[in-house]
Novice: 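Okay, handing you the structure first.
On a predicted model such as this, the values are computed, not experimentally measured, just so you know.
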Amino acid sequence: MKDQIEKLNITGKVYAWKYLENSRNYPGWNFTVDKKASESLFELLNLMDKCEWSSKKEIQTSIPTENQIKVPNNQNGNAKWKAASKLIFNLKKTAEKEHWEVIEKETEIEIQFGENKLVEFEKAITGIPKGKGDFAISSDSGESILYFWWNGNN
């Protein structure tokens, strides 16, 4: 199963960005995808779930467009932000099932999650093409926040 995860080609566009201004109202990272990426990431998370061991996968991201940045409406879309160059999805089968941690590493972010959070993550990603958004997944402490937004380009 791990080799299938490694070989899986993620299609579509994945976007992740963090606001540098007004972070009190918008802490954490923001995330959206197009329909193809939603389908690819759903397939990836399914494979990770079926895998007997913990698994991880690097995912290249795209620079969010002006329309996507405007969706959260941070300072009417004018707040400064930075994008992640890649994401690392990391299912930790040995961690608590509710484990969720977003780790920032220079220009990339690693999203670690346990088995229950994987289900939440799948639901969030597959909801984006259906116009679902304006919610977050976070750790039990309310930190490690990842906001999900509908795709402003659709």
Side-chain angles (χ1 to χ4, degrees), residues 1-20 26-72 74 77 81-139 143-154:
M1 193 67 61
K2 274 197 163 190
D3 59 328
Q4 285 180 280
I5 292 167
E6 288 172 18
K7 291 177 184 173
L8 181 67
N9 183 32
I10 304 299
T11 59
K13 294 192 181 238
V14 177
Y15 307 92
W17 71 96
K18 182 177 188 172
Y19 288 106
L20 303 174
Y26 293 87
W29 283 85
N30 299 273
F31 181 89
T32 194
V33 292
D34 65 14
K35 188 173 186 333
K36 281 186 180 180
S38 173
E39 292 165 354
S40 284
L41 294 177
F42 177 76
E43 184 179 354
L44 170 63
L45 292 172
N46 246 336
L47 288 172
M48 293 174 104
D49 190 30
K50 291 176 185 172
C51 187
E52 183 178 349
W53 302 282
S54 295
S55 55
K56 63 168 71 172
K57 174 82 172 176
E58 286 187 6
I59 299 149
Q60 295 303 308
T61 61
S62 298
I63 301 292
T65 67
E66 186 178 328
N67 287 340
Q68 290 162 331
I69 295 297
K70 285 183 176 181
V71 169
N74 187 358
W81 52 273
K82 69 176 182 177
S85 62
K86 69 179 164 184
L87 302 175
I88 301 165
F89 283 14
N90 187 349
L91 173 60
K92 305 202 79 47
K93 294 259 181 162
T94 56
E96 290 182 27
K97 292 185 184 300
E98 294 297 324
H99 176 71
W100 180 265
E101 188 171 9
V102 178
I103 302 165
E104 188 173 339
K105 301 176 180 179
E106 299 205 17
T107 62
E108 64 186 52
I109 56 173
E110 179 176 348
I111 303 167
Q112 296 180 358
F113 46 94
E115 293 177 292
N116 288 353
K117 290 291 187 178
L118 176 137
V119 174
E120 251 184 276
F121 202 16
E122 276 181 337
K123 186 177 176 184
I125 289 170
T126 58
I128 291 171
K130 299 171 188 161
K132 307 272 190 216
D134 198 5
F135 65 90
I137 297 176
S138 68
S139 61
E143 296 181 9
S144 285
I145 302 168
L146 185 64
Y147 292 98
F148 296 85
W149 301 101
W150 56 90
N151 190 326
N153 286 344
N154 291 347

Novice: Under 6.0 Å from the CD atom of E96, do we count more than 12 heavy atoms belonging to anything else shown?
Specialist: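 It does not: E96 CD has 12 such atoms or fewer within range.
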Novice: Under a 3.5 Å distance rule, please check whether K57 uses its side chain to pair with a backbone N or O of I10 as donor and acceptor.
Specialist: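 Here the side-chain-to-backbone pair does not exist.
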Novice: Indicate yes or no: at least one non-hydrogen side-chain atom of T32 is less than 4.5 angstrom from one of V71.
Specialist: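 The answer is no; the side chains never approach within 4.5 Å.
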Novice: Examine distances only and state if a side-chain atom of K93 and a backbone atom of C51 form a donor-acceptor pair shorter than 3.5 Å.
Specialist: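 Looks like yes, one N/O pair under 3.5 Å.
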Novice: Testing the 3.5 Å rule here: is there a donor-acceptor pair between the side chains of S85 and T107?
Specialist: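 Present: a donor and an acceptor within the cut-off.
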Novice: Can you name the residues that form a ring-ring contact (aromatic ring centres under 6.0 Å, His included) with F42, not counting sequence neighbours?
Specialist: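 Testing F42 for ring-ring contact (aromatic ring centres under 6.0 Å, His included), a comparison that skips the adjacent residues, returns none.
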Novice: Return yes if some donor-acceptor pair links the side-chain N/O of Y26 with the main-chain N/O of P72 below 3.5 Å, else return no.
Specialist: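 Checked: pair present.
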Novice: Could you check whether any side-chain heavy atom of T94 comes within less than 4.5 Å of a side-chain heavy atom of W53, counting everything from C-beta outward?
Specialist: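 No; the side chains remain at least 4.5 Å from each other.
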Novice: Run the side-chain contact (heavy atoms from CB on, under 4.5 Å) check on N74 and N30 step by step: do they pass?
Specialist: CA-CA 11 Å; N74 187 358; N30 299 273; over 6 Å; no
Novice: Specify the closest pair of heavy atoms between L41 and V33, including all atoms of both residues, with the distance to one decimal.
Specialist: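 Heavy atoms of L41 and V33 come nearest at CD1-CG1, 3.8 Å.
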Novice: What residue among K36, E43, E39 forms side-chain contact (heavy atoms from CB on, under 4.5 Å) with T11?
Specialist: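 So, applying the side-chain contact (heavy atoms from CB on, under 4.5 Å) to T11 and each of K36, E43, E39, only K36 qualifies.
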Novice: Once ring-ring contact (aromatic ring centres under 6.0 Å, His included) is applied, do any residues pair with Y15, and if so which ones, sequence neighbours excluded?
Specialist: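 Testing Y15 for ring-ring contact (aromatic ring centres under 6.0 Å, His included), a comparison that skips the adjacent residues, returns none.
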Novice: Would you say the side chain of W29 lies within less than 4.5 Å of the side chain of F31, judging by non-hydrogen atoms?
Specialist: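 Sidechains of W29 and F31: no contact.
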Novice: For E6, enumerate each residue passing the side chain to side chain donor-acceptor pair (under 3.5 Å) test, keeping only those at least two apart in sequence or located in another chain.
Specialist: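 Residues passing side chain to side chain donor-acceptor pair (under 3.5 Å) with E6: none at all.
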Novice: Can you tell me if T61 uses its side chain to pair, donor with acceptor, with the backbone of V14 under 3.5 Å?
Specialist: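 Flag not set: sc T61 to bb V14 has no pair under 3.5 Å.
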Novice: List the residues meeting side chain to side chain donor-acceptor pair (under 3.5 Å) with W17, not counting sequence neighbours, and say none if there are none.
Specialist: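 In terms of side chain to side chain donor-acceptor pair (under 3.5 Å), with neighbours along the sequence ignored, W17 is linked to Y19.
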Novice: Listing request: all salt bridge (charged side-chain N to carboxylate O under 4.0 Å, His left out) pairs with a residue in residues 8-20, at least two apart in sequence or in separate chains.
Specialist: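 Found K18-E104.
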Novice: Keeping the roles fixed (side chain from K56, backbone from I111), state whether a donor-acceptor pair exists under 3.5 Å.
Specialist: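 Such a contact is absent between K56 side chain and I111 backbone.
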Novice: With ring-ring contact (aromatic ring centres under 6.0 Å, His included) as the rule and sequence neighbours excluded, what pairs involving residues 88-113 come up?
Specialist: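 Of all non-adjacent pairs touching residues 88-113, those that pass ring-ring contact (aromatic ring centres under 6.0 Å, His included) are F89-F121, W100-F121, F113-F121.
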Novice: Can you tell me how far NZ of K105 sits from NZ of K86, rounded to the nearest 0.5 angstrom?
Specialist: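 One gets 9.0 Å once the value is rounded to the nearest 0.5 Å.
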